[in-house]
Visitor: 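The following block contains the structure, expressed as structure tokens.
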Amino acid sequence: MAQLRQEVDPTEVGLDAKALDRLDQHVAHYVDEGRLPGFLVAVARGGRVAHLTTHGRRDLAAGLPVTPDTLWRIYSMTKPVTSVAALLLMEEGKLSLDDPVARHVPAFAGIQVYESGSGADVRTRPAAQPVLIRHLMTHTAGLTFASYRAHPVDALYRQADLESSVVPGTTLAETVDVYASLPLQFEPGTQWNYSVATNVLGRVIEVVSGQPLDEFFAERIFRPLGMPDAGFCVSDEQAGRLAELYGETDGGGIEPIAGLPLRGRPRFLSGSGGMVASAYDVHRFMELLRRRGELDGVRLLSAATVDLMTSNHLPGGVDLRTFGSRPAHDEPGNDGVGFGLGVSVVIDPERTKAPTSLGMFGWSGVATTTFWVDPRRDLTVQFMTQVRPKGSHTLYPELKRLVHEAVTD
């Protein structure tokens, strides 16, 4: 069985072991206080794992510990994988950033844009320009999430039974057609709004490749990279390693909640948030990006394509706080951070609220999982747990600070 292991002493790769111990102790307090069930944190430099800690439980009721081979619902950390899948098709000439989405998903032809009103009184107009593939990959398409509750279009998503981003019982193709029947919040390319766009991108991948999304991922990404546990479901043999999912309570504690239905192949294959993976799988994927498209002699993407993916694509080089479409995007954590093709990217380290470096990129999942790649420090980091918080988590900036305090050169 492939599982993540520490490969080198931290001091050999310019990391301070005592500082890394402080990181472990800090996050362990979250477990001791009942705010996390358990966690895994891994730090690698130059591709070699120099720090790997597991602590606490993957299942509190069963008393099962977090282990290096624990499986995690990575939710939105699926999005960068979907972006890589799309970029594979682009390199083959089958897809372009400037393709209208309607070329591949006809329901997006004649899409409308919100103009005014709410509920039954919403007024719309035809979009002045089509939604393009680049808009999907940069979350500038005008799509949204039902859960935001910040705009009249969000309410239309809820009315369409999209509370969890999928119409219950439908396939990816069927749900994407429902998205297309609803108005966009704004003209494509004019604002940034984190949304269901990557599900639409997943459907485009299916149409262009002629394969279901899970088969395309397995054939073109997971098997070539050696990601044995990554997928959209777990087998009977894997099920015992899957971590329980918890939600944050009003009192700051946690309780078990329903998660992705991972037993058996799902009817809805979510390129936005449907994956399960081990820390080993995530490490392999991060290594592909750190090495700019090649891993262990297997080249999936050209270096230039990975550079394109991990560069800021927001118009005028602005950051997320400047270009965001709703008040929730006006957060200090978005200062100095732009957005590439499926990943956030630091464009101004001095403006960020946590220690960063120019070009650092990554993404997170709703169950408090995160990864980042720091090309300038040749550093990759992942953090895994399974808690859906009620609001923004302070843990991510703390992790960045503690990791970067450990870098000695």
Visitor: With R388 as the cation and Y75 as the aromatic partner, state whether NZ or CZ is under 6.0 Å from the six-membered ring centre and within 45° of the axis.
Guide: yes
Visitor: Is D229 salt-bridged to R241, going by a charged N under 4.0 Å from an acidic O?
Guide: yes
Visitor: Any Lys/Arg nitrogen of E287 or R284 sitting under 4.0 Å from an Asp/Glu carboxylate oxygen of the other?
Guide: no
Visitor: Take atom CZ of R263 as the centre, draw a 6.0 Å sphere, and report whether it contains more than 12 heavy atoms from other residues, nucleotides or ligands.
Guide: yes
Visitor: Quick test of your reading of the model: are R149 and D154 salt-bridged, counting only N-O distances below 4.0 Å?
Guide: no
Visitor: Do T370 and S364 meet the criterion of a side-chain donor-acceptor pair at a distance under 3.5 Å?
Guide: yes
Visitor: Mark yes when over 12 heavy atoms from residues, nucleotides or ligands other than E350 sit less than 6.0 Å from its CD; otherwise mark no.
Guide: no
Visitor: I'd like to know if D374 and K400 make a salt bridge, using a cut-off of under 4.0 Å between side-chain N and carboxylate O.
Guide: no
Visitor: Taking only Lys NZ, Arg NE, NH1 and NH2, and the carboxylate oxygens of Asp or Glu, determine whether D177 and R203 approach each other closer than 4.0 Å.
Guide: no
Visitor: Could you point out which residue of L97, T82, L143, D99 forms a side-chain contact (heavy atoms from CB on, under 4.5 Å) with L136?
Guide: L143
Visitor: Quick one: are the ring centres of F39 and W72 less than 6.0 Å apart?
Guide: no
Visitor: Which word best sums up how the rings of W192 and Y194 line up, parallel for under 30°, tilted for 30 to 60°, or perpendicular for over 60°?
Guide: parallel
